[in-house]
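Because only heavy atoms are used, hydrogens play no part in the values below, and waters and symmetry mates are left out as well, while side chains stay in.
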Amino acid sequence: MKIKNLASLAIASCIIAFNSVYAYTLNEKFSTNHYAVYEVILGKDEVYGDELKNIIAKDASSKNKFQTTSVIFPYQSPGLNSTIKESVLGIITTENYDSKKSPKILFDDNAKNATYAGIYLTFKQLAKIADNKTLNTLIEELVQLPLLITDVPVSLVSKNYRDDLYYTAVDRAVLLDFAPIDSLFYTQNKLASLKDNKCKITILAMTDRTVLRVPYFISAHGAVNDIKCN
């Protein structure tokens, strides 16, 4: 009898130990039919190494979205309920626009703050989606999520009557009017010093309003993460 009890105790211990190895929580913070941004908070003593990265990526890709972003936070972090300054361990992106293929998985370990918590795409990709008749319905989903947009061409730098700064990016298919209200990396003076048609930026953008027209108009605000100028 004691042997049976000991065996049962050993089995139970193994189950508890197995469950505690992957104790992270994956929370859906922003979601549409085809896109999602997940907040992942690690469990106590959980190490964000290669094995765990792949497990989280598999978990996110199992949701059957075209594209996902998982933002990895340490144990007991407030996660995406905090500000863009909140520390993160990295970002995992999955892409699977063709469900017949294996998802493409990207790990960004250089992203160390929540200012990178958005669906990753380039400005050209955004314009291509808007310009493609078979895909342009997706842009209506994208503007419901935080977007991490790279290589945004600053076509025009301007201010409104309240002296608020705006960057305008123009493409045949998309016109993006962006208010850079914050940045972890640049001062307001630096943000205001950009010149027309001289710089490309990386932004975390939250859409305020859109107008379905050609080009597709997007008004947004957010943070500037990178500036590259000629």
For the side chain of [X] and the backbone of [Y], is there at least one donor-acceptor N/O pair under 3.5 Å apart?
X: Ser183; Y: Val224; value: yes
X: Ser62; Y: Asp59; value: yes
X: Ser77; Y: Phe73; value: no

- [ ] Could you walk me through whether Thr94 and Gln67 pass side chain to side chain contact (heavy atoms under 4.5 Å, CB included), step by step?
- [x] CA-CA 5 Å; Thr94 70; Gln67 189 169 339; 6.0 Å; no
Check whether any side-chain heavy atom of [X] lies under 4.5 Å from a side-chain heavy atom of [Y], and answer yes or no.
X: Asn225; Y: Phe185; value: yes
X: Ile84; Y: Leu204; value: yes
X: His34; Y: Tyr97; value: no
X: Lys53; Y: Asp109; value: yes
X: Tyr24; Y: Ile55; value: yes
X: Val154; Y: Asn197; value: no
X: Phe217; Y: Arg209; value: yes
X: Val170; Y: Leu156; value: no

[X]: which of [options] passes side-chain contact (heavy atoms from CB on, under 4.5 Å):
X: Val152; options: Asp171, Ile203, Leu126, Thr168; answer: Ile203
X: Pro103; options: Asn96, Thr68, Asn64, Thr93; answer: Asn96
X: Thr202; options: Asp226, Thr122, Thr115; answer: Asp226

Taking all non-hydrogen atoms of both residues, which atom of [X] and which atom of [Y] are closest, and how far apart?
X: Thr32; Y: Gln144; answer: CG2-OE1, 3.9 Å
X: Glu39; Y: Leu80; answer: OE2-N, 2.8 Å
X: Lys63; Y: Leu26; answer: CE-CD2, 4.1 Å
X: Ala205; Y: Ile149; answer: CB-CD1, 4.4 Å
X: Val174; Y: Ala130; answer: CG2-CB, 3.6 Å
X: Ala127; Y: Ala173; answer: O-CB, 3.4 Å

Same apolar cluster (I L V M F W Y, side chains within < 4.5 Å links), [X]/[Y]:
X: Tyr120; Y: Leu184; answer: yes
X: Tyr48; Y: Val88; answer: no
X: Leu175; Y: Ile218; answer: no
X: Leu148; Y: Ile105; answer: no
X: Val37; Y: Val40; answer: no

- [ ] Could you walk me through whether Ile72 and Ile56 pass the side chain to side chain contact (heavy atoms under 4.5 Å, CB included) test, one step at a time?
- [x] CA-CA 9 Å; Ile72 317 301; Ile56 295 171; 4.1 Å; yes
Assess the side chains of [X] and [Y]: does a donor N or O sit below 3.5 Å from an acceptor N or O?
X: Ser219; Y: Asp177; result: no
X: Tyr75; Y: Glu46; result: no
X: Lys65; Y: Ser31; result: yes
X: Asp164; Y: Asn160; result: yes
X: Glu140; Y: Tyr216; result: yes

I need the [X] [atom1] to [Y] [atom2] distance, nearest 0.5 Å.
X: Leu194; Y: Cys199; atom1: CG; atom2: SG; answer: 4.0 Å
X: Leu142; Y: Ile119; atom1: CG; atom2: CD1; answer: 7.5 Å
X: Ile181; Y: Met206; atom1: CD1; atom2: CE; answer: 10.0 Å
X: Phe123; Y: Ile201; atom1: CZ; atom2: CD1; answer: 10.0 Å
X: Ile139; Y: Thr207; atom1: CD1; atom2: OG1; answer: 8.5 Å
X: Tyr186; Y: Leu191; atom1: OH; atom2: CG; answer: 9.0 Å

Open item on the list: Parallel, tilted or perpendicular, judged at 30° and 60°: which one describes the rings of Phe66 and Tyr35?
Closed with: perpendicular
Open item on the list: Check this for me: does any side-chain nitrogen of one of Asp151 and Lys228 sit under 4.0 Å from a carboxylate oxygen of the other?
Closed with: no
Open item on the list: Is the terminal nitrogen or CZ of Lys159 (NZ for Lys, CZ for Arg) located under 6.0 angstrom from the six-membered ring centre of Tyr166 and within 45° of that ring's axis?
Closed with: no
Task: Flag if over 12 foreign heavy atoms under 6.0 Å of NZ, Lys128 - done: no
Task: Atom NZ of Lys124 with >12 non-hydrogen neighbours under 6.0 angstrom - done: no
Task: Val214 and Asp131: CA distance, side-chain angles, deciding distance, side chain to side chain contact (heavy atoms under 4.5 Å, CB included) verdict - done: CA-CA 9 Å; Val214 179; Asp131 198 37; over 6 Å; no
Task: Audit row: Thr69, Ile92, side chain to side chain contact (heavy atoms under 4.5 Å, CB included) steps and yes/no - done: CA-CA 6 Å; Thr69 295; Ile92 300 175; over 6 Å; no
